[in-house]
Protein chains: 2
Amino acid sequence: MNAPISSPVSSPALTKNQNLVFDVLTRAEAPMSAYTILDKLRDHGFRAPLQVYRALDKLTEFGMVHRLESLNAFVACAHRESECCGAGHGHGTVAFAICESCGHVSEFHDHQVDHRLSDWAKSKGFKPAKTTIEIRGLCEACAA
Amino acid sequence: MNAPISSPVSSPALTKNQNLVFDVLTRAEAPMSAYTILDKLRDHGFRAPLQVYRALDKLTEFGMVHRLESLNAFVACAHRESECCGAGHGHGTVAFAICESCGHVSEFHDHQVDHRLSDWAKSKGFKPAKTTIEIRGLCEACAA
DNA sequence: ATGGCACACGTTATAGCATAACGCAATTGA
DNA sequence: TCAATTGCGTTATGCTATAACGTGTGCCAT
Ligand SMILES: [Zn+2]
Ligand SMILES: [Zn+2]
Ligand SMILES: [Zn+2]
Ligand SMILES: [Zn+2]
């Protein structure tokens with residue numbers, strides 16, 4: 001009993017560890033580092049960072065979790081279904097606004113930014129694989 | 001004899017350590033991690049990471065060096081003088097295209113992307129402090 | 001001048017993030 | 001049945017970054 005298991009919420013069926021990690025991230029109000037996730041899951045049998053990183057790798061691959069490069073941390077995807085382009089998951093480039101005071105993260109997508117960047121790439125013969133856009137600052141509530 | 005020293009190339013006068021770190025980065029053809037820089041400077045008396053990080057902090061503050069968040073590495077600023085907005089240094093948001101094969105980095109600026117992102121921020125009441133834009137992929141030469 | 005301040009520097013220790021390398025177990029599909 | 005694939009668990013290690021301490025120097029107001 002090791003392979004994927006029925007999943008209540010995801011596109012591909014998730015394994016037990018993947019579900020646990022995803023649940024923790026989904027409940028979180030701010031990005032979490034892999035080690036913070038590990039601590040949250042010690043009661044569920046997690047003992048080593050690799051258990052977390054392996055789950056995160058898969059979840060990221062599925063598009064259900066995003067890594068915030070400027071924070072070395074992870075968030076559950078906050079895309080609304082019925083987003084403009086390509087419904088469901090498998091979305092393209094996305095941007096994050098990260099509040100440095102309360103930790104809240106807003107995930108959004110902007111076509112024009114996307115196009116502008118890929119136009120630049122095309123004009124330079126650059127083949128993009130993954131694009132990171134992260135705005136650090138203060139959210140409305142914290143900027144008061 | 002500890003304070004800033006005449007500098008051949010910079011806006012603010014750099015200290016000895018800052019000059020050494022900046023020179024290493026300027027000669028490099030790819031981003032360097034702090035520890036790689038440290039190794040390059042052992043012959044010049046560097047013994048500890050902090051010596052590098054402190055210099056990098058200042059150089060970044062001066063706008064002479066950029067940190068690549070998705071790489072945990074640093075590059076010398078490649079802005080042409082006579083760039084569109086705000087001549088000299090002290091530039092605004094900048095984007096990077098990073099080749100995952102050869103390590104080459106292109107630094108560029110796009111007004112429309114900038115405006116688009118700050119419009120989003122304004123509409124949400126978000127106060128941006130620092131924006132990161134990094135495109136990972138293959139440069140023209142490596143995409144062949 | 002002299003005391004206080006700001007700042008760069010050097011060192012040691014520690015914290016935080018991520019992966020290598022091993023072996024085992026279960027699933028899948030030739 | 002047998003190989004290939006994938007997930008899992010463990011131990012060890014490596015890489016990235018900062019805390020905390022003390023030193024020396026230039027500067028400036030007193
Ligand atoms: Zn998403
Ligand atoms: Zn906030
Ligand atoms: Zn620059
Ligand atoms: Zn290349």
Side-chain angles (χ1 to χ4, degrees), chain A residues 1-7 10 12-22 24-25 30-62 64-75 100 103 132 134 136, chain B residues 1-7 10 12-22 24-25 30-62 64-75 103 132 136:
Chain A
M1 194 269 281
N2 218 346
I5 274 183
S6 79
S7 146
S10 54
L14 298 183
T15 66
K16 177 161 168 279
N17 285 3
Q18 288 160 15
N19 257 313
L20 288 167
V21 169
F22 186 64
V24 166
L25 277 178
M32 297 183 76
S33 77
Y35 280 74
T36 306
I37 296 170
L38 174 57
D39 287 339
K40 289 274 182 198
L41 289 177
R42 293 214 187 261
D43 293 345
H44 293 267
F46 275 52
R47 326 280 341 259
L50 231 63
Q51 298 175 272
V52 179
Y53 281 109
R54 290 203 269 232
L56 287 171
D57 281 350
K58 283 299 179 185
L59 292 168
T60 301
E61 178 186 326
F62 299 155
M64 300 171 63
V65 161
H66 299 293
R67 174 185 170 83
L68 299 178
E69 301 288 353
S70 69
L71 248 42
N72 293 333
F74 302 83
V75 287
E100 295 185 311
T132 298
E134 297 176 14
R136 310 265 306 251
Chain B
M1 193 268 279
N2 217 348
I5 273 183
S6 78
S7 146
S10 54
L14 298 184
T15 67
K16 179 161 166 281
N17 285 2
Q18 287 160 14
N19 257 313
L20 287 167
V21 169
F22 186 63
V24 166
L25 277 179
M32 296 183 77
S33 78
Y35 280 74
T36 306
I37 295 170
L38 174 58
D39 286 339
K40 288 275 182 199
L41 289 176
R42 295 217 185 258
D43 293 345
H44 293 267
F46 276 52
R47 327 279 340 261
L50 229 62
Q51 297 175 273
V52 178
Y53 281 108
R54 288 203 271 233
L56 287 172
D57 281 351
K58 284 299 180 186
L59 292 168
T60 300
E61 179 185 327
F62 299 155
M64 300 171 63
V65 161
H66 299 291
R67 174 185 170 81
L68 299 178
E69 301 288 354
S70 68
L71 250 40
N72 293 332
F74 303 83
V75 286
T132 298
R136 309 266 305 253

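Naming: A, B, ... by sequence-line order, numbering from 1 per chain.
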Enquirer: Could you state the interatomic distance from CG (B/N72) to CG (A/N72), rounded to the nearest 0.5 Å?
Expert: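 Reported to 0.5 Å precision, the distance equals 5.5 Å.
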
Enquirer: To the nearest 0.5 Å, what is the distance between CG (B/L56) and CZ (B/R54)?
Expert: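 Taking CG in B/L56 and CZ in B/R54, the distance rounds to 12.0 Å.
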
Enquirer: Just call it for B/A48: base, sugar-phosphate, or nothing, with non-hydrogen atoms closer than 4.0 Å on any strand.
Expert: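 Base contact.
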
Enquirer: Nearest whole Å is fine: how far is C/dC9 P from B/L41 CG?
Expert: 12 Å

Enquirer: Take the protein atom CG of A/L71 and the nucleotide atom C1' of D/dT16, then report the distance between them rounded to whole Å.
Expert: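 My rounded result for the distance is 15 Å.
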
Enquirer: In Å and rounded to the nearest 0.5 Å, what is the CD to CG distance from A/Q18 to A/D57?
Expert: 10.0 Å

Enquirer: Round to the nearest Å and state the distance from B/F74 atom CZ to D/dA17 atom C1'.
Expert: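 The distance from CZ of B/F74 to C1' of D/dA17 comes to 9 Å, rounded to the nearest Å.
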
Enquirer: For B/Q18 and C/dA8, give me the distance from atom CD to atom P, rounded to whole Å.
Expert: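 Interatomic distance, CD of B/Q18 to P of C/dA8: 6 Å.
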
Enquirer: Just how far is it from atom CG of A/L38 to atom CE of A/M32, taken to the nearest 0.5 Å?
Expert: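 The distance works out to 10.0 Å.
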
Enquirer: Determine: side-chain N/O of A/N72 to OP1/OP2 of C/dA18, distance under 4.0 Å, yes or no.
Expert: yes

Enquirer: How many whole angstroms separate atom NZ of A/K58 from atom P of D/dG7?
Expert: 4 Å

Enquirer: Rounded to whole Å, how long is the line connecting atom CZ of A/F46 with atom P of C/dA18?
Expert: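 It is 16 Å, rounded to the nearest whole Å.
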
Enquirer: Would you say the side chain of A/L71 lies within less than 4.5 Å of the side chain of A/R136, judging by non-hydrogen atoms?
Expert: yes

Enquirer: Which part of the nucleic acid does B/R54 contact within heavy-atom distance under 4.0 Å: base, sugar-phosphate only, or nothing?
Expert: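 Base: the residue B/R54, judged by heavy atoms under 4.0 Å, touches a nucleobase.
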
Enquirer: On the nucleotide C/dG10, are OP1 or OP2 found under 4.0 Å from the side-chain N or O atoms that B/N17 carries?
Expert: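 So the side chain of B/N17 is within the cut-off, an N or O lying under 4.0 Å from OP1 or OP2 of C/dG10.
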
Enquirer: What is the distance from CG of A/L50 to P of C/dC22, rounded to the nearest Å?
Expert: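 From A/L50 CG to C/dC22 P: 14 Å.
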
Enquirer: Just to confirm, is there a sub-4.0 Å distance from OP1 or OP2 of C/dC17 to any side-chain nitrogen or oxygen of A/S33?
Expert: yes

Enquirer: Does OP1 or OP2 of D/dC8 have a side-chain N or O of A/Q51 closer than 4.0 Å?
Expert: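 For D/dC8, neither OP1 nor OP2 has a side-chain N or O of A/Q51 closer than 4.0 Å.
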
Enquirer: Would one find a side-chain N or O of B/K16 under 4.0 angstrom from OP1 or OP2 of C/dC9?
Expert: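 No, no such contact exists.
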
Enquirer: Should the side chain of B/Y35 and the base of D/dA17 be counted as holding a donor-acceptor pair, with the cut-off at 3.5 Å?
Expert: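 Such a pair exists between side chain and base.
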
Enquirer: With the stacking rule set at 5.5 Å and 30°, tell me whether A/Y53 counts as stacking on C/dT19.
Expert: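 Base of C/dT19: not stacked against A/Y53.
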
Enquirer: Measure CD1/A/I37 against P/C/dG16 and give the value in whole Å, please.
Expert: 16 Å

